[in-house]
Amino acid sequence: MNMKLLTWITLNFLILAVIPGLNAQQPATNPPAVVSPTQTGTEVRPPLNAKDVAIDRAKILMAEKRYDAGILAYEDLLKNEPKNPLFMNMIGIAYLNLANYGQAKKYFDRAAKADKTYASAVNNLGMVAYQQKNYRRAIREYQKAVAIDPNQGGTHANLGYAYYKTKKYPEAAAEFRKALEIDPHTFEHNERVGTMMQDRTVENKGLFFFMMAKEYAQLGDAEHCADYLRKSLDEGYKDVAKARTDPAFKKVVDDPTVQGVLLLVTPGGGKTATNSPGA
């Protein structure tokens, strides 16, 4: 056999032995598998459309208290949806925060007429009257809002404040109680940016705080009761000592937090002199 041919055969044999499968058929290349969001555990959100972006921008402007810009943003949205009650309501809220009560009422009226089940807009009409110190008108509007949706704690609270302003204390207490039964945190919310406005301003804060202490007491909430008793005492309310014997405080009167406040009350109802911190 030719020596060159023998050498060539030997080299090819060695190559095949060192690299097995060199001449084997390669599998066809497949496209990458499509992995669904559930397989990766990540949520894939569809991109926001132009309307969603515009709504988010309007909300941000309101949250930043840039009410003039917020009005323009919602007016732009209203051009495409002229009967949208939410947009009308938000424009009204912006005007209310700017103390432009005429324009605020105009937009709340439009929102309430566009959707007769929209309790927030009717509540906000009550807020306009409340801000204008027309408390009887505010009561009527709040009552309408409660009739539309009786499960909004904020509306019951607003109605209670309006009753309080007109010195209808039993009616005020009843509404405050309903508000707390619906939402125990009603009086801790800050509704100045949402769809339903609230107001916390009252005169005679000592009496108001004592009333709130009584309502929390009847719910068995000793912590909030004690907090409002202390506030009432700090405002100089003279009848805080009545909490010791008033049946409304029966559920919580023996609680250490409540007793801690009552120990600060003199037999005459005033606050005892003390040098302890936080007194």
Side-chain angles (χ1 to χ4, degrees), residues 43-159 161-162 165 179 182-183 185-201:
E43 181 183 356
V44 178
R45 296 181 61 186
L48 293 177
N49 57 37
K51 176 184 173 181
D52 292 333
V53 172
I55 290 174
D56 284 347
R57 177 176 174 272
K59 288 179 179 178
I60 290 169
L61 291 170
M62 293 290 285
E64 293 176 346
K65 300 183 180 181
R66 297 167 61 190
Y67 299 121
D68 287 317
I71 289 168
L72 294 176
Y74 277 110
E75 286 283 12
D76 283 341
L77 286 163
L78 206 56
K79 289 176 184 176
N80 295 322
E81 296 182 40
K83 294 185 179 180
N84 188 309
L86 174 62
F87 299 159
M88 298 174 196
N89 186 54
M90 294 307 296
I91 293 170
I93 288 173
Y95 277 121
L96 184 60
N97 278 296
L98 292 171
N100 188 335
Y101 302 128
Q103 284 293 92
K105 183 179 183 301
K106 171 186 170 182
Y107 279 93
F108 293 144
D109 269 327
R110 287 178 60 186
K113 289 174 183 175
D115 182 355
K116 297 187 184 303
T117 67
Y118 196 17
S120 291
V122 181
N123 170 87
N124 294 342
L125 282 169
M127 272 291 296
V128 172
Y130 190 92
Q131 294 296 317
Q132 293 176 315
K133 303 186 186 305
N134 188 345
Y135 302 121
R136 288 179 174 79
R137 174 65 181 271
I139 287 170
R140 291 195 296 272
E141 297 293 356
Y142 292 142
Q143 286 173 333
K144 291 177 187 176
V146 166
I148 294 170
D149 186 355
N151 297 314
Q152 289 289 341
T155 309
H156 284 286
N158 283 350
L159 180 54
Y161 280 112
K165 287 283 192 178
I182 293 169
D183 179 4
H185 303 289
T186 293
F187 295 92
E188 298 167 17
H189 298 322
N190 179 20
E191 293 292 342
R192 299 300 297 179
V193 179
T195 60
M196 189 184 74
M197 304 294 284
Q198 295 183 38
D199 194 289
R200 303 279 192 263
T201 58

Tell me the closest heavy-atom pair linking [X] and [Y], and the distance in Å.
| X | Y | answer |
| --- | --- | --- |
| Gly126 | Ala138 | O-CB, 3.5 Å |
| Leu61 | Ala69 | CD1-O, 3.6 Å |
| Ala145 | Val122 | N-CG1, 3.7 Å |
| Ala121 | Ala111 | CB-CB, 3.8 Å |
| Ile148 | Thr117 | CG2-O, 3.3 Å |

Can you find a pair of side-chain heavy atoms, one from [X] and one from [Y], that are under 4.5 Å apart?
| X | Y | answer |
| --- | --- | --- |
| Gln152 | Asn123 | no |
| Tyr142 | Met127 | yes |
| Leu98 | Ile71 | yes |
| Asn89 | Asn124 | yes |
| Glu75 | Ile91 | yes |

Using the side chain to side chain donor-acceptor pair (under 3.5 Å) criterion, which residues pair with [X]? Sequence neighbours excluded.
| X | value |
| --- | --- |
| Asp76 | Lys79 |
| Glu64 | Arg66 |
| Lys51 | Glu81 |

Residues Lys105, Asp109: salt bridge by 4.0 Å N-O rule: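 Asp109 and Lys105: salt-bridged.
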To the closest 0.5 Å, what do you measure between [atom1] ([X]) and [atom2] ([Y])?
| X | Y | atom1 | atom2 | result |
| --- | --- | --- | --- | --- |
| Ser120 | Asp115 | OG | CG | 10.0 Å |
| Tyr67 | Asn100 | OH | CG | 14.0 Å |
| Ile93 | Met62 | CD1 | CE | 5.5 Å |
| Asn134 | Ile139 | CG | CD1 | 9.5 Å |
| Glu141 | Asn158 | CD | CG | 12.0 Å |
| Asn84 | Arg110 | CG | CZ | 10.5 Å |

Of all pairs that satisfy ring-ring contact (aromatic ring centres under 6.0 Å, His included), the ones with a partner from residues 106-125, not counting sequence neighbours: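 Found Tyr95-Tyr107.
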Backbone of Ala179 reached by a side-chain donor or acceptor of Thr186 within 3.5 Å: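 Side chain of Thr186 to backbone of Ala179, a donor-acceptor pair under 3.5 Å: yes, one is there.
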For Arg57, salt bridge (charged side-chain N to carboxylate O under 4.0 Å, His left out) partners two or more places apart: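 Arg57: no salt bridge (charged side-chain N to carboxylate O under 4.0 Å, His left out) contacts found.
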Whether Phe187 and Tyr161 hold their rings parallel, tilted or perpendicular, with breakpoints at 30° and 60°: perpendicular
Under the side-chain contact (heavy atoms from CB on, under 4.5 Å) test, residues paired with Asn80 that sit two or more places apart: none
